[in-house]
Chemist: 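Before we start, here is the structure in question, set down as structure tokens.
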Amino acid sequence: MKAHLGVLLESALASVTAGRPLDVPPAPQVDATKDPRFGDFQTNLALMLAKPLGLPPRKVAEALVAALPPSDRVAKVDIAGPGFINFHLAPAAFQAVVPDILAAEARYGRDDSGGRGRIMVEFVSANPTGPMHVGHGRNAAYGDTVANLLEAAGWRVWREYYINDAGRQTDVLTVSVWLRYLQRCGVALAFPKRAYPADYIRVTADRLYDEVGANAFRVAGIDELPTEEVAAEGADDAEKNRVKLSQEAHIDRWITLGREGLGADYERIRHAALTDQLAAIRATLAAFSVRFDQWTSEADLVARGAVDKALKRLGEQGLTYTRDGAVWMKSEAFGDEKDRVLIKADGAATYYCNDLAYHVDKLDRDWPRLLDVWGADHHGYIARVRAAIEALTGRNDALDVQLIQFVTLSSGRMGKRSGNFVTLKELIDEAGADATRFFYLMRGHEQHLEFDVDLAKSRSTDNPVYYVQYAHARLCSVFAQLAESGAVYDRATGLAHLARLDNEHEKRLLTALARFPDVIASAAQDLAPHRMAFYLKDELADAFHSYYNAHKFLVDDAALQAARLALCEATRLVLGNGLALLGVSAPERM
RNA sequence: GCCCCGGUAGCUCAGUGGAUAGAGCGAAUGCCUCCUAAGCAUUAGGCCGCAGGUUCGAUUCCUGCUCGGGGCACCA
């Protein structure tokens, strides 16, 4: 419809400006009005033309309206305010959306061509060192929904999870399990302050104990480790930080002891720990309707030489150098604040080095556009990854990073420190996957989110996800009621009498239905899935519930009933399509 | 100090340079002999953080200030 009005305006523009060429002919902007009193669509074209033409805006508007070609879809055009041109559409223009929807069904609003190009979306990528928390849940809901929207907007999408299963954190995980195992065997040792203390570590330790018995994984030298420092009461920040570093060094001694003393058993423990954590993550994400095309392991990436390959390429292009025993990347030359270390003085690759190689690998797999979804705390990291990509490919537009701002929980349930750590699994178990996903998607991702756990849990009128789902269930119920009464809905009859859909409630609902393709396109374009959530709730479901209360659908007038049921069928389809994009179920009964 | 995000109704938040800034919750009042009341209708509630600038027009774009959150490793 917008396009149609745009064509009309282009024509009017051409005749009005005939003989007085403009330096920059403005492209007509047509928008839906916010207020029905201003018609259905508006354009500010006259306001934009006033200055270059040297005429008052209302004069320009009059000339444009006079030059508009006639259209059977436009009922009335008027001029209002400072010079807006308002279009009032003919009823048939609204009603035409119904056959479009009924013909397209699940494809309505979608562009499944994949013609926009190929894009890889990497999201979640939570470290397999523990359960996912509520922040990962927001990342998962966002990434998965953005991927859905991009697909619906014509992109070929690949979803990937990067498993950080190399590096020091997995050593800390391994040592944590090992020490819990030894404690289980009755070995008296002080569990390090900076190891992972939680119960999930014991689960893996107990599993290993069942497999290997009580006499494995023992090494000499445990008693010779120096005692760990503890921060004194009332220590200042500098002192606390010093103690923290010494505690990290203490863990490193355990790591060295384990690696050297356990040999292959160390790897066995590491593998067991990672397997358990990853299994838990996969299960939680599956319960959250989040799927991936591929799970890429950092350790595998290293093992198959992707890191060496990337380093070699950087070296050949003169993008690295050695200083203080470390290998550095010349990232400052590509927009980063400073150069970054790739290989530490101890010979180990940094996380950055491996991640850089991973991004190169993504591009090498022929995904020319990359979207990474990260927590906001990683924002300082963007410049260096982008720098590496630009250095190797010459492209500075290959990588888009979207940062997910922090999640806090209502009712003071947040935070590891308080001991009230709420995992994503607990949240899903308590509130349900549908409510949880919808709540995450109700906020812009750049907005700090306060997650109201009690509201998400409530199975009441207050819970916004039910508002949308209830609209769908009500529609299903209408058709169930119809079938029960033995009556038959004839779609062809309905389509033949769409002109009967002429009251204000029907017009509002038809308008909302017609906007669905625009919402997909704009939410995908701006990577803003919350727009779809708001559209479904505040426009579509809202228009339907009002309609439902104001009018009966199952009426004696057969033509009117059929027309209304056709509208109902279209609404049910669009609600279902929209909820599917959000990864929320569309129940037939509630 | 530098970088990122935010400041809109009592609370949680929408708002694609446009006209009288919206929704939910909370508060007040109505609506089920009728397709699901997990719903609908009505009322109350606002220097859109502050100050400049660009523009015919700024909650929206730019600059400065201010307040809040986060980040500035040879950690991941």
Side-chain angles (χ1 to χ4, degrees), chain A residues 29 31-35 37-38 42 44 47-48 50-51 56-57 80-84 86 127 129 164 166-170 172 248 298 323-328 337-338 340-355 375-383 403-406 408 410 442-452 455 458-471 473-482 484-485 518 522 525-526 528 530-531 533-534 537-538 541-542 544-555 564-565 568 589-590:
Chain A
Q29 276 179 28
D31 290 302
T33 54
K34 283 181 180 169
D35 189 322
R37 284 172 307 142
F38 301 131
Q42 59 161 23
N44 59 356
L47 295 166
M48 295 168 70
K51 197 163 196 182
F84 292 103
N86 294 333
N127 288 338
T129 52
N164 298 130
R168 186 170 175 278
Q169 281 193 358
T170 65
V172 176
E248 294 291 356
E298 181 183 1
R323 192 181 78 200
D324 303 332
V327 178
W328 298 68
E337 302 177 336
K338 51 176 275 193
R340 306 288 176 176
V341 170
L342 294 170
I343 305 294
K344 294 185 268 183
D346 67 5
T350 59
Y351 176 82
Y352 171 53
C353 179
N354 290 352
D355 200 30
D377 53 335
H378 286 63
H379 107 83
Y381 196 75
I382 297 173
L403 297 176
I404 307 299
Q405 294 297 324
F406 275 37
T408 50
S410 58
M442 289 256 302
R443 300 287 172 266
H445 65 285
E446 294 186 331
Q447 190 76 233
H448 296 237
L449 168 65
E450 180 174 311
F451 196 109
D452 189 330
L455 183 55
S458 79
R459 309 183 58 79
S460 77
T461 172
D462 303 345
N463 194 329
V465 70
Y466 296 129
Y467 186 83
V468 180
Q469 289 184 317
Y470 184 49
R474 267 186 156 173
L475 281 156
C476 293
S477 174
V478 169
F479 286 96
Q481 186 77 25
L482 182 78
E484 214 166 283
S485 72
D518 281 350
S522 113
Q525 168 76 38
D526 298 336
H530 72 283
R531 297 225 185 115
F534 275 95
K537 175 172 160 292
D538 291 346
D542 190 61
F544 170 72
H545 283 309
S546 293
Y547 180 40
Y548 182 95
N549 271 271
H551 301 280
K552 277 197 65 89
F553 310 147
L554 304 178
V555 293
R564 287 184 171 170
L565 288 174
C568 284
R589 217 172 286 116
M590 288 174 70

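Here is the naming used below: chain letters follow the sequence lines, and residue numbers restart at 1 for every chain.
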Chemist: Scan A:A50 against the nucleic acid and name what it touches under 4.0 Å (heavy atoms): base, sugar-phosphate only, or nothing.
Modeler: nothing
Chemist: Can you tell me whether the side chain of A:Q42 and the base of B:A19 have a donor-acceptor pair closer than 3.5 Å?
Modeler: yes
Chemist: When we call it a touch if two heavy atoms are under 4.0 Å apart, what does A:F534 touch: a base, just sugar-phosphate, or nothing?
Modeler: sugar-phosphate
Chemist: Check the interface with nucleotides 55-60 of chain B: list each N/O to N/O pair with the protein under 3.5 Å, or write none.
Modeler:
from  : atom 1 : to    : atom 2 : distance (Å)
B:C56 : OP1    : A:K51 : NZ     : 2.5
B:C56 : OP2    : A:K51 : NZ     : 3.2

Chemist: What nucleic acid atoms does A:R37 come within less than 4.0 Å of, heavy atoms only: base, sugar-phosphate, or nothing?
Modeler: base
Chemist: Kindly point out which of B:C13, B:C40, B:U20 is positioned nearest to the side chain of A:Y467?
Modeler: B:C40
Chemist: In whole angstrom, give me the gap between the P atoms of B:G46 and B:A41.
Modeler: 23 Å
Chemist: Give each protein N/O atom lying under 3.5 Å from an N/O atom of nucleotides 66-72 of chain B, with the pair distance.
Modeler:
from  : atom 1 : to     : atom 2 : distance (Å)
B:G70 : N2     : A:H379 : NE2    : 2.9

Chemist: Look at the side chain of A:K537 and decide which nucleotide, out of B:C35, B:A23, B:A38, has an atom nearest to it.
Modeler: B:A23
Chemist: I need the NE2-C1' distance between A:H530 and B:G6, as an integer number of Å.
Modeler: 14 Å
Chemist: Select base, sugar-phosphate, or nothing to describe what A:F479 touches, counting heavy atoms under 4.0 Å on all strands.
Modeler: nothing
Chemist: What's the gap between B:C50 and B:G18 when it is taken at their C1' atoms, as a whole Å value?
Modeler: 24 Å
Chemist: Using the six-membered ring for Trp and the full ring for Phe, Tyr or His, decide whether A:F84 stacks on the six-membered base ring of B:A19 (centres under 5.5 Å, planes under 30°).
Modeler: yes
Chemist: What's the closest nucleotide to the A:R443 side chain, out of B:A38, B:C13, B:A23?
Modeler: B:C13
Chemist: Between atom NE2 in A:H545 and atom C1' in B:C35, what is the gap in whole Å?
Modeler: 14 Å
Chemist: Just the dot-bracket of RNA chain B, please: which string comes out with Watson-Crick or G-U pairs under 3.5 Å, [ ] for crossing, | for another strand?
Modeler: (((((((..((((....[...)))).(((((.......))))).....(((((..]....))))))))))))....
Chemist: Do A:N86 and A:Q42 have side-chain atoms, one donor and one acceptor, less than 3.5 Å apart?
Modeler: no
